[in-house]
Q: 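Mind having a look at this structure? Questions to follow.
Along the sequence shown, residues are numbered consecutively beginning with 1. Just so you know, these numbers come straight off a predicted model, no measurement behind them.
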Amino acid sequence: MKNLQNQILIAMPSLEDGYFERTVTYICEHNENGAMGIVINQPLEMKVTDLLEQIKVPLKDKLILPEIHVYAGGPVSPERGFVLHRPQKKWQSSMQLTPDIMVTTSRDLLESIGTKDEPEDYLICLGYAGWEKGQLEQELLDNAWLTIPADADLIYTTPIHLRWQQASEVLGIATWQISNQIGHA
């Protein structure tokens, strides 16, 4: 099976486990040991300003839109934060994944939110999705996911409530056409 790093996973309607139902997940890493991804369409009730207050980042003199959500990036380590953003200067703990996508896990990026130094586009996510060796490959064989190449616009600018639908449409599929029934020819 091909490497799925820098791909988007689109949950099939048959995936009704509660957490991953109708999710869109960006795969940050996929190798012989397993895979790691960040769900990009599950906003939490928590806003970015709430998170910054919790971790004691001063909000004074910051311009932060009050409607920006923090996302549930996955069920693994929900206390850990990940920021997907357009590449710019290196932060203390960053990894550039594509020309348009970087992931950072350090506080210095969070401190830049609301200032002239903040990333152009970003998603702050708590937790991640993880798969053990062979697990994601088996889920693909079981028709739990569709895949498409990563698209920065889908990650950063597509409205949250349209990400699953628009990701499916990249494949030429309207979401109402996807059946939750599995079959084999």
Side-chain angles (χ1 to χ4, degrees), residues 4-11 18-30 35-130 148-170:
L4 297 171
Q5 185 167 329
N6 297 315
Q7 295 282 306
I8 298 279
L9 296 181
I10 307 162
Y19 195 92
F20 289 104
E21 187 173 342
R22 297 184 128 217
T23 58
V24 180
T25 305
Y26 172 71
I27 300 298
C28 300
E29 184 176 33
H30 182 224
M36 180 264 188
I38 298 174
V39 177
I40 63 166
N41 70 328
Q42 297 295 324
L44 296 168
E45 291 293 322
M46 178 185 291
K47 306 289 192 209
V48 169
T49 52
D50 300 330
L51 175 68
L52 295 178
E53 285 176 343
Q54 277 187 11
I55 63 170
K56 297 184 180 14
V57 170
L59 296 178
K60 187 176 184 220
D61 300 324
K62 292 186 182 276
L63 298 172
I64 303 171
L65 296 174
E67 66 272 7
I68 300 176
H69 284 269
V70 174
Y71 292 77
V76 181
S77 297
E79 71 286 351
R80 290 189 61 201
F82 299 87
V83 183
L84 288 174
H85 59 94
R86 292 198 189 267
Q88 64 177 137
K89 72 174 187 170
K90 293 284 185 178
W91 301 97
Q92 288 178 7
S93 182
S94 293
M95 184 168 44
Q96 187 160 348
L97 303 170
T98 74
D100 295 321
I101 303 169
M102 181 174 267
V103 64
T104 298
T105 58
S106 56
R107 181 182 173 97
D108 58 340
L109 186 141
L110 294 174
E111 291 171 346
S112 80
I113 301 298
T115 73
K116 64 178 177 46
D117 296 324
E118 77 177 359
E120 177 185 341
D121 292 308
Y122 63 88
L123 292 180
I124 298 174
C125 305
L126 297 178
Y128 67 94
I148 60 172
D151 175 24
D153 288 333
L154 179 71
I155 294 171
Y156 303 124
T157 61
T158 300
I160 300 163
H161 67 283
L162 295 177
R163 289 181 183 160
W164 185 73
Q165 175 185 338
Q166 287 191 5
S168 300
E169 289 172 357
V170 168

Q: Quick one: does any side-chain atom of R163 pair with a main-chain N or O of V24 as donor and acceptor, under 3.5 Å?
A: no

Q: Mind checking the CZ-CH2 spacing from R22 to W164? Nearest 0.5 Å is all I need.
A: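 Atom-to-atom, R22:CZ and W164:CH2 are 4.0 Å apart.
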
Q: Can you name the nearest heavy-atom pair linking I101 to A152, along with the distance?
A: CG1-CB, 4.5 Å

Q: With side-chain contact (heavy atoms from CB on, under 4.5 Å) as the test, would you mind laying out the steps for H69 and L44 before giving the verdict?
A: CA-CA 6 Å; H69 284 269; L44 296 168; 5.8 Å; no

Q: For the atom pair CD1 (I124) and CG (L51), what is the distance rounded to the nearest 0.5 Å?
A: 6.0 Å

Q: Measure the SG-CZ distance between C125 and R80 for me, rounded to the nearest 0.5 Å.
A: 12.5 Å

Q: Under the criterion side-chain contact (heavy atoms from CB on, under 4.5 Å), I'd like the reasoning laid out for V48 against V70: C-alpha separation, chi angles, the key distance, then a yes or no.
A: CA-CA 6 Å; V48 169; V70 174; 4.2 Å; yes

Q: Identify the heavy atoms of A11 and F20 that sit nearest to each other, and give their distance.
A: CB-O, 3.2 Å

Q: Are L97 and Y26 packed together at the side-chain level, in the sense that at least one heavy-atom pair is separated by less than 4.5 angstrom?
A: yes

Q: Please find the pair of heavy atoms, one from A167 and one from L154, that lie closest to each other, and give the distance.
A: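 Taking A167 first and L154 second, the nearest heavy atoms are CB-CD2, 3.9 Å.
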
Q: Considering only heavy atoms from C-beta outward, does the side chain of I10 approach that of I148 to under 4.5 Å?
A: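 I10 vs I148: side chains touch.
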
Q: First locate atom CD of E111, then atom NZ of K56, and finally report the distance between them rounded to the nearest 0.5 Å.
A: 13.5 Å

Q: Is there a side-chain contact between I38 and Y71 (heavy atoms, below 4.5 Å)?
A: no

Q: Answer whether the closest heavy-atom distance between the side chains of H85 and W91 falls below 4.5 Å.
A: yes

Q: Are C28 and Q5 close enough that some pair of their side-chain heavy atoms sits under 4.5 Å apart?
A: no

Q: Nearest heavy-atom pair of V39 and A72: which atoms, and what distance?
A: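 Shortest heavy-atom separation between V39 and A72 comes out as CB-O, 3.5 Å.
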
Q: Determine the minimum heavy-atom distance between M46 and Q54, stating which atoms define it.
A: CE-NE2, 3.6 Å

Q: So for atom CD, which belongs to E45, do other residues, nucleotides or ligands contribute more than 12 heavy atoms lying within a distance under 6.0 Å?
A: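 No - once you tally the heavy atoms of other residues, nucleotides and ligands closer than 6.0 Å, there are 12 at most.
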
Q: Quick one: are V83 and T105 in side-chain contact, heavy atoms under 4.5 Å?
A: no

Q: Can you tell me how far apart CG (D121) and CD (Q88) are? Round to the nearest 0.5 Å.
A: 10.5 Å

Q: Rounded to the nearest 0.5 Å, how far does CG of L65 lie from OG1 of T49?
A: 10.0 Å

Q: Do the non-hydrogen side-chain atoms of D100 and I155 ever get within less than 4.5 Å of each other?
A: no

Q: If the threshold is 4.0 Å, N to carboxylate O, is there a salt bridge linking D153 and R86?
A: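 The answer is yes: the pair qualifies as a salt bridge.
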
Q: Is there a donor in the side chain of T104 and an acceptor in the side chain of S94, or the other way round, less than 3.5 Å apart?
A: yes

Q: When you compare the side chain of P119 with that of I113, does any pair of heavy atoms fall below 4.5 Å?
A: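 Yes, close enough: below the 4.5 Å cut-off.
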
Q: Can you name the closest pair of heavy atoms from I64 and L59 and give their distance?
A: CD1-CD2, 4.0 Å

